[in-house]
Amino acid sequence: MSVEAVDREAATSSRPCTPPQTSWFEFLLEESLLEKHLKKSSPDPSPVQLIVQFLEQASKPLVNEQNQVQPPPDNKRNRILKLLALKVAAHLKWDLDVLEKSLSVPVLNMLLNELLCISKVPPGTKHVDVDLASVPPTTAMAILLYNRWAIRTIVKSSFPVKQAKPGPPQLNVMNQIQQEKEVTENILKVLKEQADDSILVLEAALKLNKDLYIHTIRTLDLLAMEPGMVNGETESSASGFIISAEEMQCQVCYDLGAIYFQQGSTNAELYVNAREKFFRTKELISKIGSSLHCIIDEKRLAGYCQACGVLAPSDNTSSPSTPYSQIHSCLRSGNYQELVKIFLEDNRTPTLPVQFRQSVLRELSQKAQQGNDVLDEICFKVCACNSVCDVMCGRPVGVQFNHLFLKPTKEKIDFLLEVCSKSLHVETASESSKRKMAYFLKNLCLGLEDLQLVFMISSHELFIALLKDDERKLLIDQMRKRSPRVNLGTKPITSFYDIPASASVNIGQLEHQLILSVDPWRIRQILIELHGMTSERQFWTVSNKWEVPNVYGNVILGIKDNLTRDLVYILMAKGLHCSTVKDFVHAKQLFVACLELVTEFSPKLRQVMLNEMLLLDIYTHEAGAGLSGERPPSDLISRVRGYLEMRIPDVPFRQVVAEECVAFLLNWKENEYLTMQVPLPLVQNNPYVKLGQLLAATCKDLPGPKESRRAAKDLWEVVVQICSISNQHKRGNDGRVSLIKQRESTLGIMYRSELLSFIKKLREPLVLTTILSLFVKLHNVREDIVNDITAEHISIWPSSIPNLQSVDFEAVSVTIKELVSYVLTINSNNHFWLIIQADIYFATNQYSAALRYYLQAGAVCSDFFTKMVPPDVYTDQVIKRMIKCCSLLNCHTQVAILCQFLREVDYKTAFKALQEQNSHDAMDSYYDYIWDITILEYLTFFFNSISDLHHKRGESDKRQIAIKAIGQTELNSSNPEEVLQLAAQRRKKKFLQAMAKLYF
């Protein structure tokens, strides 16, 4: 082991669980280290990582004294590194599956080219011109390995690849990825151009009848020692891993089949070649058995064979056609009766995957929907075969079967019974299979209304064989007890209770229908039937998804009549659920039915339903016409006001109703009502009403003088209390008293999370701007000028807090971030909100994101910088922050240009930025955007002073661009002020557009 490795091992001996990783250069220093490393159970670095490291170091270019890039030298060090990479590949037995999975195309291309080189394949020689029978076995194997990889890479490149999720943009990483992508594309281009030659080489290899050899670590060592070849044969070329002729032909046939199959999309005749190669591969696999050097994905091979059997059916009558090819042929020729026979036959011993069965049914259904009426019957028959197959395999029957069986006929029943009979051999079937089929037939009878059709099933020999006598008798009795349906059209339905109940059926089915139904009349009908079958069950507990607020549940569960209690509870629960998922139509129907029901016996529940219907109407308007800005009807506004003013004792109220009502009035600018007309007891008792009144009063006073902003101060005090930390003292086990800080303060009128939830119901811009302004001011109270955030109307708030330590500023920061994210979903083009978002990113050192939002704020108020950005948007503070962002991003030329945007040009910062040589922006491409003559003169002087250095670096063009920029006539200081202003404005717009394209 090298000295460096010993030192490092000694230094890390205190951590035996994490052995140090061996560095690539240690393998250069100790010849035997590689084999020892590869023999480890889990070597670190892994073999493929070693290949990458060795080849990366061997292919590193050099930079000479003239700063010119030179190709990597062909010295002893690089030759040993390449040899080490080949040894690692030999350790992996040249398994292309492993190498392709872990190595990129450029690395594997380099590795295999080194194999060709060390195997004495003359560079520049076309492989198709090489006689594989006359060259040494290792040389022939190296050529085959390279050409196998070539066509495998072509095939693999045709498959869709999921793009990796991009991380944060890093210039160096992005450049490396782009370079590797370009190199890969170039290699692929060459491989595709040589694809025909590679195919010819592999076809020629199939004619070889001799064993071949592939290099091992030992033979590679021998080659490294041999100065040359004697008569084309050496010990190294005639030994190594032996690859039998059958193993080689098996791998080559598989790879040729894959390339032929891929090319078959443009030339259908090649599918025949692919079929021959794949079937030959199967023969060779069965002949070879297990092999270390011939590993074929047999599942993929089987898929290829099935596909070829469909795309290129064999003319050989002795080879049986597969069900796939038969079905494909039937679909192509329109022989649908034969198709049904194939499905029927497959039902005896299912071999077709369920996905394939469903895809055939989908294809038939699509053709039927296009107007082919003949296919309706075929669709039912195929669906029946699939459904019976599902039953026998324990899968649920699909919805499509129920849809196609909506109108049962004698013919459909006959065919279904035929399918069932052919799918189950009663004499040999297991008890489980018999029970599945019996349950299916029994449910089929229960779902039929025509007794003649039921008799067809119950009298069938399969039905008789599967169901016991008492089971058949019980089922037939159930069917006979069915009462005739009442014609609802003979009597108009005048009341909710006037709907007649139908005959009872299985309780489980009724409960299932009860869960699924959102029709109030059907729900009542099901409940009447259920209560007629059993009086012990509480059917409001059937589904754990039926949830009613506790304030309502206590009242509803107090109803004495079981049927009425179940009905009220379920109607309300379903209505609330429909409202939550925005199914407002069904929610309305359920609430109306519930209101009609409770009106007859409970004034308290009647008021509850009226309140819930008001909330539903608010949701409906806000999700519909309200989104387009249409003002709500006056009736709805009156009902909202009436709710807030209502005082009925003992009526349970949900806080969310009051919350939504206040938010509704704020969103539709009912500030006058909230400020002047809301009853005082309501303001004192309901925190949301109080908060809404303060917000409305503050918005109303905004244009007024400073002394009229009493409401703003009150609102400030309320929010400060909400954001204060509650200190509680707690005695620990050791007797000490500790101070506990609670994030959710109990000092205010509500919790901070409740305040945030309420704000996220608001959409009115002025209200959102006001509350956002308040939180910004609260954030700025700490007097951290560097991280201050700007906002509108910030001067209306108090400038200090008596007890600064009591405010949870961390919670304030989190709240501002959440608020800004929310308001930008309401209006992403509000430049003041965008500036706040930019300031937040600036304060948290996310300079790229901050710059993006500063630019976005300017873009939305200037038609993407076709007009000048208003000065109240790009203030000096905003420009200075943009300058700092660019500076910390090492975009120094952008810094110099932005210094011109200030009311007083910051020459000191601009000059310092232009002196920076390590700039990550376009540098000289930006010189055309400089209009300040002083900066241009400094730039020219700076280039003249270091002209020799720039000449050496090949940057003399920059000096010429700077000289050209200063020589433009429109920048001449003798020009009128208007001309100079126009020149400056034009450059400002173009520079900001260039910046926007860079960061958007």
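Basis for what follows: all heavy atoms, side chains included, without hydrogens, waters or symmetry-related copies.
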Could you check whether E418 pairs with K422 (Lys NZ or Arg NE/NH1/NH2 to Asp/Glu carboxylate O, under 4.0 Å)? yes
(message) Check this for me, if you would: do D561 and R565 make a salt bridge, where the nitrogen-to-carboxylate-oxygen distance has to be below 4.0 angstrom?
(response)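 Result for this pair is no, no salt bridge flagged.
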[atom1]-[atom2] distance between [X] and [Y], expressed to the nearest 0.5 angstrom:
X	Y	atom1	atom2	result
Q251	L96	CD	CG	8.0 Å
L590	L576	CG	CG	9.5 Å
Q358	S365	CD	OG	11.0 Å
L448	N443	CG	CG	11.0 Å
E269	Q263	CD	CD	13.0 Å
K367	L375	NZ	CG	7.0 Å

Neighbour count >12 (heavy atoms, 6.0 Å) for atom [atom1], [X]:
X	atom1	result
K282	NZ	no
N550	CG	no
Q538	CD	yes

query: Can you tell me if D566 and H531 form a side-chain donor-acceptor pair at under 3.5 Å?
result: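 D566 vs H531: donor-acceptor pair found between side chains.
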Taking atom types as modelled, find out whether Y552 and E612 have a side-chain donor-acceptor pair closer than 3.5 angstrom. yes
[X] versus [Y]: any side-chain heavy-atom pair under 4.5 Å?
X	Y	value
L416	L444	yes
R348	S423	no
D97	R152	yes
K545	H577	no
K588	D617	yes
N335	L339	no
H586	K574	no
F601	T564	yes

Is the side chain of [X] donor-acceptor paired with the backbone N or O of [Y] at a distance under 3.5 Å, no angle test?
X	Y	result
T599	L595	yes
D390	R395	no
S517	Q513	no
S359	F356	yes
K277	F261	no
S286	E283	yes

* Take V360 and F343 through the side-chain contact (heavy atoms from CB on, under 4.5 Å) test and state the conclusion after the steps. => CA-CA 10 Å; V360 173; F343 271 80; 3.9 Å; yes
Do you know the tightest heavy-atom contact between [X] and [Y]?
X	Y	value
A587	G575	CB-O, 3.6 Å
L424	S433	CD1-CB, 3.9 Å
S421	L462	N-CD2, 3.9 Å
L466	M437	CD1-CG, 3.5 Å
L344	F415	CD1-CE1, 4.3 Å
A274	G257	CB-O, 3.5 Å

* Verify whether the ring centers belonging to Y260 and Y271 lie closer than 6.0 Å. =>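 Centroid separation for Y260 and Y271: 6.0 Å or greater.
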*Apply side-chain hydrogen bond (donor to acceptor under 3.5 Å, both in side chains) to the pair N611 and Q607, showing each step before the final yes or no.*
CA-CA 6 Å; N611 296 343; Q607 189 58 51; 3.0 Å; yes
Open item on the list: Using the rule given for side-chain contact (heavy atoms from CB on, under 4.5 Å), can you reason through L352 versus I327, listing the C-alpha separation, both sets of side-chain angles and the distance that settles it, and then say yes or no?
Closed with: CA-CA 11 Å; L352 296 174; I327 291 171; 3.7 Å; yes
Intermediate values then yes/no, side-chain contact (heavy atoms from CB on, under 4.5 Å), C253 and F278 = CA-CA 7 Å; C253 278; F278 285 133; over 6 Å; no
inquiry  = Quick one, L514 with L527, criterion side-chain contact (heavy atoms from CB on, under 4.5 Å). Give me CA distance, side-chain angles, the key distance, then yes/no.
reply    = CA-CA 8 Å; L514 185 64; L527 281 173; 4.0 Å; yes
Pi-cation contact, F380 with K412 (under 6.0 Å, within 45°):
yes
Set out, in order, the CA-CA distance, both residues' side-chain angles and the distance that settles side-chain hydrogen bond (donor to acceptor under 3.5 Å, both in side chains) for Y336 and E377, then state yes or no.
CA-CA 10 Å; Y336 299 119; E377 180 187 353; over 6 Å; no
